Amino acid sequence: MLVKVFAAAVQGIDATPVTIEVNSSRGCLFHLVGLPDSAVKESHERIKSALSVNGYKFPTREIVINMSPADIRKEGTAYDLPLAIGILASAEEVKPDRLDRFMMMGEISLDGTVKPIKGALPIAILARSEGYEGLIVPEQNAREAAVVNNLDVYGVKNIREVTDFLDGKAQLTPTFVDTRAEFYSRQASFEFDFSEVKGQENVKRALEVAAAGGHNVIMVGAPGSGKSMMAKRLPSILPPLSLGESLETTKIHSVAGKLPRGTSLIAQRPFRSPHHTISQVAMVGGGTYPSPGEISLAHNGVLFLDELPEFSRAVLEVLRQPLEDRHISIARAKCSIDYPASFMLVASMNPCPCGYYNHPTKACVCSPGQVQKYLNRISGPLLDRIDIQIEIVPVPFEKMSDTRLSEPSAAIRDRVVKARHIQEERYKGEKGIYCNAQMTPRLMREYATPDETGLNLLKNAMMRLNLSARAYDRILRVARTIADLEGSPTIRTNHLAEAISYRNLDRANWGAV
C-alpha cells in the first residue's frame with residue numbers, strides 16, 4: 001500500500017516542502033532513499049523501538065520510502081515522526097485518509113516520546129502557505145509555531161497521541177497564542193538600565209547617537225571604566241522591534257536551535273557577545289550542517305565584541321562585507337545559503353597592551369610603538385566601517401559614590417525613537433534604507449550637506465587634527481543623526497563639532513605620543 005506523509009526541510013531560514021512516500025509490499029527488506037543523511041537513516045532503529053513500546057509491531061514486509069524531492073539533502077532527526085506515521089499507514093495500522101491535511105515533524109525517542117526540533121517557525125509558515133489544515137509538532141515547539149495565524153498547531157508528547165488523533169480515537173487541542181498581546185507585553189522589560197551607570201555622560205550621549213542612527217561604535221578605555229557595562233545596556237535604548245522584525249529574528253534563532261523552549265516570539269532586540277576565541281565559521285555561519293553564525297543571530301540587534309584586538313585578524317576581516325551589505329552569502333561545495341545580518345557592531349578595547357594609555361592617574365608602561373602596534377591589530381577597512389570612536393576615562397570617586405540614579409533608559413529611548421521616525425519618513429521611498437548609517441553617497445548629498453560655515457569647520461578640523469579621508473563621510477552621517485535628535489532639518493556647526501569629537505582613533509597622532 002502506498003501512502004504519502006508531508007514534512008519539510010529547512011534551508012537557510014526558510015523551509016521547503018518534503019513528501020515522504022511509503023510503499024509496503026511482499027518481502028522483508030527496508031529501503032530509505034531521497035538523499036537522507038546518517039541521522040535520517042538511523043531513524044529505522046528509533047522507530048522500530050518506539051512502535052514496539054507503544055503496542056505496534058514493525059511491519060514484516062518490504063518497505064520502500066522515498067523522500068521527495070530527492071535532490072535536496074534531508075538532515076537531522078526531525079523526520080522520525082512522519083516516517084513512523086508513514087510506515088504505520090502503509091501497513092494499515094493507522095488510517096491514511098487524513099494524512100494529506102497535516103504537515104508533521106518531530107524526533108522520536110526509543111519509548112515513543114516526541115522530542116523538540118529546530119526550525120519549527122519557518123516550517124509553520126510553509127505549512128500555512130501550502131494550504132495545510134494543521135501542523136503536528138513536539139509540544140515544546142507548539143508555542144513557537146502557533147504564532148502563525150490561520151493554521152492549527154498541535155503539540156504532541158508521544159507518537160500514540162498522533163496515531164489516536166489520525167484514527168479519530170482522540171482529539172488534540174490546537175495551541176493558541178495571542179501574538180500581538182504577548183509581543184507588546186514583553187517589549188519594555190530589560191534586565192539592565194542606564195540609570196545604573198554613574199557618570200560617563202559623554203559616552204552615554206555617544207551611545208544615544210549610535211542608537212538613533214544605527215551607527216557602529218567602538219569604545220576605547222582603561223580596564224574597569226565601564227565599557228562592557230554600557231554596551232550591555234544599549235538594547236534598552238534601541239527602538240522596539242516591529243512584528244515583522246521580530247518574526248524574522250525569531251526564524252533565525254529557531255533555525256539555529258537558540259530559541260528558548262516555550263517561547264513564541266522574540267520581543268527584544270538580540271544582544272550577542274561572542275568570546276574572542278570564536279572561529280570564522282561560528283561568526284558568519286556555515287559548517288558541515290549549515291547554521292546561522294553570530295552575525296545572523298545578532299540580526300536586528302547588537303553584536304558586541306569585547307576586547308576587539310584579541311579577536312583573530314581573520315575573524316575580524318570576515319565582518320567587513322556583512323557590515324556593508326547587511327547579509328552574508330555562504331557558498332560551499334554542496335550548498336549556497338543566504339542569511340540576513342543587519343546588526344549594530346559595538347566593540348570595546350583597551351588603548352594599549354597594559355591598558356593605561358591616556359589614563360588620568362596611572363602611568364602607561366608601553367612604548368609609543370607598542371601602542372600603535374596594538375591598535376594596528378584592527379585593520380583600517382574595519383575601522384572605516386565604525387562611525388563613532390569614543391575614548392572612556394574612569395569614573396571619579398565622587399560620581400561613583402553618588403547614590404542618585406542617572407537618566408533612565410526609557411527617557412533616552414523616547415528621544416531615539418523620535419529620531420528614528422524622522423529617518424523612516426525621510427527614507428520611506430528608498431529600498432533597504434531605514435537609518436542614517438545606511439545612507440548612500442547620493443542620499444548624503446541630498447540630506448547631509450552642511451552650509452558654508454559647517455564646511456569650513458570640517459575643513460579646519462580635518463587639517464588640525466590630521467583626520468583621515470575616511471572620516472569625512474562618517475562625520476556627516478553622525479552629524480545628520482545629531483541634527484535628527486534635535487529635530488533640526490539642517491546640519492548646523494554644533495552638530496558637526498560633536499560628530500568630529502567622535503573620531504578619536506582617526507587622528508593621525510593618536511597613540512604616537
Side-chain angles (χ1 to χ4, degrees), residues 192 200 203 206-207 210 215-235 258 270-287 292-298 301-324 328 341 343-359 362-395 470 502-507 510-512:
F192 303 110
Q200 304 291 18
V203 185
L207 291 178
H215 303 287
N216 301 319
V217 58
I218 184 170
M219 297 176 283
V220 185
S225 55
K227 304 184 294 293
S228 300
M229 181 186 187
M230 285 183 281
K232 290 177 181 177
R233 284 154 177 77
L234 185 59
K258 303 292 185 182
F271 180 87
R272 304 294 299 182
S273 180
H275 192 260
H276 62 258
T277 55
I278 189 172
S279 67
Q280 291 174 259
V281 171
M283 182 66 83
V284 301
E294 288 293 331
I295 61 173
S296 296
L297 293 171
V302 175
L303 178 67
F304 176 48
L305 303 184
D306 198 8
E307 301 302 339
L308 188 65
E310 303 303 325
F311 283 79
S312 160
R313 180 73 172 245
V315 169
L316 294 181
E317 292 307 295
V318 297
L319 293 176
R320 286 160 51 178
Q321 182 264 332
L323 282 170
E324 201 72 27
I328 179 73
F343 59 91
M344 268 184 67
L345 175 63
V346 179
S348 70
M349 61 176 286
N350 294 332
C352 65
C354 81
Y356 296 106
Y357 177 77
N358 275 353
H359 195 282
K362 293 187 178 182
C364 174
V365 298
C366 304
S367 67
Q370 285 178 305
V371 176
Q372 192 60 49
K373 184 179 179 181
Y374 190 72
L375 179 61
N376 286 345
R377 292 187 185 182
I378 308 164
S379 68
L382 181 60
L383 278 178
D384 184 33
R385 289 161 172 80
I386 300 178
D387 296 345
I388 297 178
Q389 306 162 356
I390 185 74
E391 272 192 271
I392 302 179
V393 295
V395 181
R470 66 173 178 259
Y502 296 145
R503 298 301 300 180
N504 294 57
L505 299 184
D506 258 345
R507 298 175 184 177
W510 198 94

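Just so we're clear, the structure is a prediction, and the values are computed from it rather than from any experiment.
Using a 4.5 Å heavy-atom threshold, the side chains of Val346 and Met219 count as touching. You'll find the side chain of Ile328 reaches within 4.5 Å of the side chain of Ser296, heavy atoms only. Side-chain contact between Pro235 and Phe192 is absent, with no heavy atoms from C-beta onward closer than 4.5 Å. The closest side-chain heavy-atom distance from Ile392 to Ser225 is below 4.5 Å. Two residues are said to be in side-chain contact when any heavy atoms from C-beta on lie closer than 4.5 Å; Leu319 and Leu305 meet this criterion. Side-chain contact between Phe271 and Lys232 is present, with heavy atoms from C-beta onward closer than 4.5 Å. Within the 4.5 Å cutoff, no side-chain heavy atoms of Ile218 are placed close to those of Leu345. Using a 4.5 Å heavy-atom cutoff, the side chains of Thr277 and Glu310 are not in contact.
For Ser348 and Glu307, the side-chain atoms include no donor-acceptor pair closer than 3.5 Å.
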Under the criterion side chain to side chain contact (heavy atoms under 4.5 Å, CB included), I'd like the reasoning laid out for Gln321 against Val284: C-alpha separation, chi angles, the key distance, then a yes or no. CA-CA 10 Å; Gln321 182 264 332; Val284 301; over 6 Å; no
Stepwise side chain to side chain contact (heavy atoms under 4.5 Å, CB included) test for Leu323 and Ile295: CA-CA 9 Å; Leu323 282 170; Ile295 61 173; over 6 Å; no
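Without hydrogens or angle criteria, Gln200 side chain to Met230 main chain gives no donor-acceptor distance under 3.5 Å. A donor-acceptor contact shorter than 3.5 Å links the side chain of His359 to the backbone of Lys362. When atom types are taken as modelled, the side chain of Asp387 and the backbone of His215 share no donor-acceptor pair closer than 3.5 angstrom. Distance alone, capped at 3.5 Å, places no donor-acceptor pair between the Arg377 side chain and the Arg313 backbone. Of the possible donor and acceptor atoms, none in the side chain of Glu317 sits under 3.5 Å from a partner among the backbone N and O of Pro381.
Scanning all heavy atoms of the two residues, the minimum distance from Phe311 to Asp306 falls at CE1-O, 3.2 Å. Closest heavy-atom contact between Pro309 and Met349: CD-CB, 3.4 Å. Cys366 and Val371 make their closest contact through CB-CG2, 4.0 Å (heavy atoms, listed as atom of the first residue, atom of the second, distance). Across Asn350 and Gly221, no two heavy atoms sit closer than the pair OD1-O, 3.2 Å. Between Leu383 and Arg503, the shortest heavy-atom distance links the atoms O-NH2, 4.5 Å. Of all non-hydrogen atoms in Pro274 and Phe304, the two that sit nearest each other are CD-O, 3.6 Å.
The structure places CG of Leu316 at 11.5 Å from NE2 of His276, a figure rounded to the nearest 0.5 Å. Going from atom CG of Asn216 over to atom CZ of Arg385 covers 10.0 Å, rounded to the nearest 0.5 Å. Between Ile390 atom CD1 and Lys227 atom NZ the span is 13.0 Å, to the nearest 0.5 Å.
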